[in-house]
There are 2 protein chains.
Amino acid sequence: MATTSSRTQRTDPLTLEVVELIGTVVARYHEEYDAAAGKHALTGAQARVLGLLSLEPLPMRRIAQKLKCEPSNITGIIDRLEARGLVERRPDPADRRVKLAAPTEEGLTVARSLRESLNFAREPLAELSREERLSLRGLLRRMVGEDAGLLADPATPAGYD
Amino acid sequence: MATTSSRTQRTDPLTLEVVELIGTVVARYHEEYDAAAGKHALTGAQARVLGLLSLEPLPMRRIAQKLKCEPSNITGIIDRLEARGLVERRPDPADRRVKLAAPTEEGLTVARSLRESLNFAREPLAELSREERLSLRGLLRRMVGEDAGLLADPATPAGYD
DNA sequence: TATTGTTATACTCTATAACTATA
DNA sequence: TATAGTTATAGAGTATAACAATA
């Protein structure tokens, strides 16, 4: 025991400030995300799904799993994206029960635009030098508990694509 | 120019990974937040408002400003919190147009419980030493652009109380 | 006149349950 | 029978517009 225990001191000012800063980052993240989606007249959920599908077409069921919501909700979201010509439903040759949701050409374009105008932290991160970003990566990795780089699904970086 | 420009290289792997990690943190943040709210059968918005009011009673208008939504939405949220006996509407002696939303005793208790079970990052941060948390704070501060500690509203740390 | 809170309306997201068509 | 997607339904959050009470 070198200095004051950092595990028992649950409300020390330093930890609280870091938590607060993370809250700020989270808020900033959403502001950017919603603003980017809004530019294309998309809701957050729609933008998220479109971003997912731009990586690879997915069965409805898989989308629900990625979004952590009930499959019945996906129907409506895809309906709206389809009505706007950004997504289309394709039959799955292997299983005639499943429908694959895939982005159209325009959908891909919008997804790309979204990703570019989005990419939160690109701006904020620009403030940091390479060394600092390396340091930040290390700290975040430890926070996230990603010791070796084991993500449940390689295609799913996080909740928000 | 020491190494490769870090501002023009917009898609370098390091930056992308950090962005990805931030996305993971954001997702984790919400999981914890929603789980904590769910334990009390509260929605995210309700928990957020209750948390705000636990710091100080606020006019409906102010709540909308803090949540960055239209004032008309607050009516319903406060209605539901009031129906559950967690919040009450008080007249403002100074201006009879405004109604102050204030937590009840039970509301304060729930808010406290929420804050305790919540406090995201307390666990993850426990993994970091004091020095590492100091380092993380510094990096986040720079990301957030909080050079001196100038927040628009001292009572509002972030989007999520 | 301007402002505060509310109501009315409409849309989206969400969960639950029941239905259909496949498997 | 089990599964994929859908439909129907209900609750909640959101924005817009119009309203009553007060300033």
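A, B, ... follow the sequence lines: proteins, then strands. Residue 1 opens every chain.
In this model, a side-chain donor or acceptor of A:Arg97 finds a partner on the base of D:dT3 within 3.5 Å. Interface remark: the B:Ser72 side chain does form a donor-acceptor pair with the D:dT16 base, using a distance-only criterion of under 3.5 Å.
With DNA chain D read from its 5' end, the first of the two nearest nucleotides for A:Val98 and A:Asn73 is the one closest to A:Val98.
Atom P of nucleotide C:dG5 and atom CZ of B:Arg62 are separated by 11 Å, given to the nearest angstrom. Between the CG atom of B:Asp79 and the P atom of C:dG5 there is a distance of 13 Å, rounded to whole Å. Per the geometry, CD belonging to A:Glu70 stands 13 Å off P belonging to D:dA4, to the nearest Å.
When heavy atoms are screened at a 4.0 angstrom cut-off, B:Arg61 is found touching base atoms of the nucleic acid. Among the heavy atoms of the strands, none lies under 4.0 Å from A:Ile74. Nucleic acid contact class of A:Asp92 (heavy atoms, under 4.0 Å, all strands): none.
The side chain of B:Met60 lies closest to C:dT6, out of D:dA12, C:dT6, D:dT7. Comparing C:dT12, D:dG5, D:dA12 by their nearest atom to the side chain of A:Arg80 picks out C:dT12.
At least one side-chain nitrogen or oxygen of B:Arg89 sits closer than 4.0 Å to the OP1 or OP2 atom of C:dT6.
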The test is side-chain hydrogen bond (donor to acceptor under 3.5 Å, both in side chains); show your working for A:Thr15 and B:Arg133 and say whether it passes.
CA-CA 7 Å; A:Thr15 298; B:Arg133 276 175 288 162; 2.6 Å; yes

